[in-house]
Amino acid sequence: MFYLSRIEHTFRVPPSLLNLPIEEAIKGELEKLFLDKVIADLGLCVSVYDIKSIEGGFIFPSDGAATYTVVFRLIMFRPFVGEIIPAKVKESNATGLRLSIGFFDDIYIPAHLFPKPSSFKPDPNKKDKGTWEWEYDEEPYIIDGIDEIKFRVHNVSYPPIPIEQPKEAKPFAPMVITGSIDEDGLGPVSWWVDAEETKES
């Protein structure tokens with residue numbers, strides 16, 4: 001789920017930071033540049049791990065900033081296909097579920113990757129919202145949004161940045177995880193705890 005990525009980058013350190021120890025100033029700038037940002041094919045940056053080397057410090061004419069070339073490592077969130085991850089329900093509608101793991105919310109479980117048969121029950125008090133229900137052995141198993149959900153990563157994609165986006169469109173997500181709960185042991189953890197208790201009784 002988490003990886004170290006080694007990167008080389010050249011950037012300016014503004015004059016206001018040059019009174020700080022150089023590594024502290026550079027780490028602060030790296031965090032501004034990369035923290036909570038998605039790098040295509042590398043994932044979401046969650047932390048600057050360390051700085052391996054710093055070169056340069058050139059101040060170009062008419063520019064008070066110093067330019068450095070830095071080699072550093074970032075901690076990246078990049079789940080692999082097939083990985084099982086626990087999450088919580090953020091949204092539930094007729095197209096499926098949107099999940100969150102706290103620091104990342106663009107996780108989607110489309111309806112066709114639910115256990116079968118599953119059905120959606122609209123909430124009459126909330127437009128486009130509702131709950132999903134899986135029927136097994138004539139018993140309903142509800143995704144109520146309270147339980148932790150375990151899902152298997154089906155795909156990780158990095159959509160291209162749109163040139164234009166309609167006002168009513170959802171905010172652009174630079175990394176999207178598609179998951180599945182269509183296997184034994186996946187879905188709300190209570191499903192399988194209840195199943196074990198039923199077997200034992």
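Remember, it's a predicted structure, so these values are computed and weren't measured experimentally.
Residues I181 and I143 have side chains in contact (heavy-atom distance under 4.5 Å, counting atoms from C-beta outward). A 4.5 Å side-chain heavy-atom check between E29 and P14 finds at least one atom pair inside the cut-off. Within the 4.5 Å cutoff, side-chain heavy atoms of M76 are placed close to those of C45. Using a 4.5 Å cut-off on side-chain heavy atoms (C-beta onward), I26 and V13 make contact. Side-chain contact check for F34 versus V48: every heavy-atom pair is 4.5 Å or farther apart. Here the side chains of L33 and H9 are in contact, with some heavy-atom distance below 4.5 Å. Put simply, the side chain of P79 reaches to within 4.5 Å of the side chain of V156, judged on heavy atoms. The side-chain heavy atoms of F120 and F114, taken from C-beta on, include no pair separated by under 4.5 Å.
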Q. So L99 and V89, side-chain contact (heavy atoms from CB on, under 4.5 Å) or not? Walk me through it.
A. CA-CA 5 Å; L99 307 182; V89 174; 4.0 Å; yes
(Q) Does D63 form a side-chain contact (heavy atoms from CB on, under 4.5 Å) with R12? I'd like the steps, not just the answer. (A) CA-CA 10 Å; D63 186 0; R12 298 166 68 254; 2.9 Å; yes
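A donor-acceptor pair is defined here as one N or O able to donate and one able to accept, closer than 3.5 Å; such a pair exists between the side chain of D144 and the backbone of I146. Listed for the K121 side chain is no donor-acceptor partner under 3.5 Å among the backbone atoms of W132. Put simply, the side chain of K126 never gets that close to the backbone of P122: no donor and acceptor are under 3.5 Å apart. A donor-acceptor distance shorter than 3.5 angstrom exists from the side chain of S92 to the backbone of G130, with no hydrogens or angles considered. With R98 contributing its side chain and D105 its backbone, the two residues share a donor-acceptor pair below 3.5 Å. In this structure, the side chain of R73 does not engage the main chain of R6 through any donor-acceptor pair within 3.5 Å. Although no hydrogens or angles enter the test, the distance criterion places a donor-acceptor pair under 3.5 Å between the side chain of S180 and the main chain of D182.
Distance CD/E31 to CG/L74: 10.0 Å, rounded to 0.5 Å. Separating the CZ atom in R78 from the CD1 atom in I177 is a distance of 11.5 Å, to the nearest 0.5 Å. One finds the CZ atom of F72 at 5.0 Å from the CG atom of L30 (value rounded to the nearest 0.5 Å). The CD1 atom of I85 lies 13.5 Å from the CD1 atom of I149; values are rounded to the nearest 0.5 Å.
Using the six-membered ring where Trp is involved, W191 and Y141 have ring planes that are perpendicular, over 60° apart on the 30 and 60° scheme. In this pair, F103 and F77 present their aromatic rings perpendicular. The plane angle is above 60°, beyond the 30 to 60° band.
The one candidate from L44, D106, D41, L42 that meets the side-chain contact (heavy atoms from CB on, under 4.5 Å) condition with M175 is L44.
A salt bridge is absent between E24 and K27; no separation between the charged side-chain nitrogens and carboxylate oxygens falls under 4.0 Å.
Shown here is L4, whose CG atom has more than 12 heavy atoms of other residues, nucleotides or ligands within 6.0 Å.
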